[in-house]
Amino acid sequence: MKSKLKEGIEKVLAEYGGRRLALLPALHLVQEREGHISEEVISYLASRLSLPSVDVYGVVTFYSLFSLEKGGKNIIRVCVSLPCYLRGSNQILETLKEELGIKEYETTPDKRFTLEPVSCLGLCDQAPAMMINDAIYGALTRRKVKKIIRGFK
Ligand code: FES
C-alpha cells in the first residue's frame, strides 16, 4: 500500500480514536484516492480495527459507492466543492452521468470511464472544473462536457 494512503488512513483512525466508527470515513478516503478498495486495504483496516475481514467486506459490498474493482481506463474527477458547486458543478455531474450512463463512483461496462465526485482540485479559478486522468478541464458547461466525452469515444 502506498505510504501516503496509509498515512491518510492512520489520520482518520486517529480522529476516531481507533474505533470501529472510523471504518466508513476510512473507506471513503481510500475510494476517493484510489477509485477502489483493494484486498490489502480491507485486511489492513480489519486488523487495525480488530474486525474480521468479512465484516469489512460486508460494508464495502453493502454501499454502492464503494468498489472492489479498479476503475476504468479514464478516471473522471469532478469537483463538487463549494466554489464549483456555486458555478453549477451539479449540472456538470448530471451531464456526465447521462452521457456515460453510470452513477457516481461507477465504471462504464466497457471499463473506459469511472466517474468520481471529488473535493477541490485546486482549480477554483476555473470553476466548475474536472480532470480526466491528468488533463484539466475548466469553465465547464453542459455543452463543453458532452463535447469532451464524445471526443474520448
Ligand atoms: S472548488 Fe472546485 S476546484 Fe476548487
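Remember, it's 1-based here, ligands and their atoms both numbered in the order they're listed. Any value given below was found using the heavy atoms of this structure, including those in side chains, with hydrogens, waters and symmetry copies removed.
For His28 and Phe66, the gap between ring centers is short of 6.0 Å.
The atoms of ligand 1 that sit less than 4.0 Å from any heavy atom of Cys124 are 1 (S), 3 (S), 4 (Fe). When each atom of ligand 1 is checked for a heavy atom of Cys84 under 4.0 Å away, the hits are 1 (S), 2 (Fe), 3 (S). Heavy-atom contacts of Ser81 reach the following atoms of ligand 1: 1 (S) (cutoff under 4.0 Å). Atom numbering of ligand 1 starts at 1 in the shown order; those under 4.0 Å from a heavy atom of Pro83 are 1 (S).
Nearest heavy atoms, Met130 versus Val78: CB-CA, 3.9 Å.
At a cut-off of 2.8 Å, Cys79 is counted among the residues with an N, O or S atom near atom 2 (Fe) of ligand 1.
Among protein heavy atoms, atom 3 (S) of ligand 1 sits closest to Leu123 N, 3.3 Å.
A side chain to side chain contact (heavy atoms under 4.5 Å, CB included) with Leu96 holds for exactly one of Leu140, Ile76, Ile102, Ile148; it is Ile76.
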- I would like to know whether Glu10 and Tyr44 meet side chain to side chain donor-acceptor pair (under 3.5 Å); could you show each step before the answer? CA-CA 11 Å; Glu10 284 302 324; Tyr44 185 73; 2.4 Å; yes

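Met131 and Val145 end up in different hydrophobic clusters when Ile, Leu, Val, Met, Phe, Trp and Tyr side chains are linked at under 4.5 Å.
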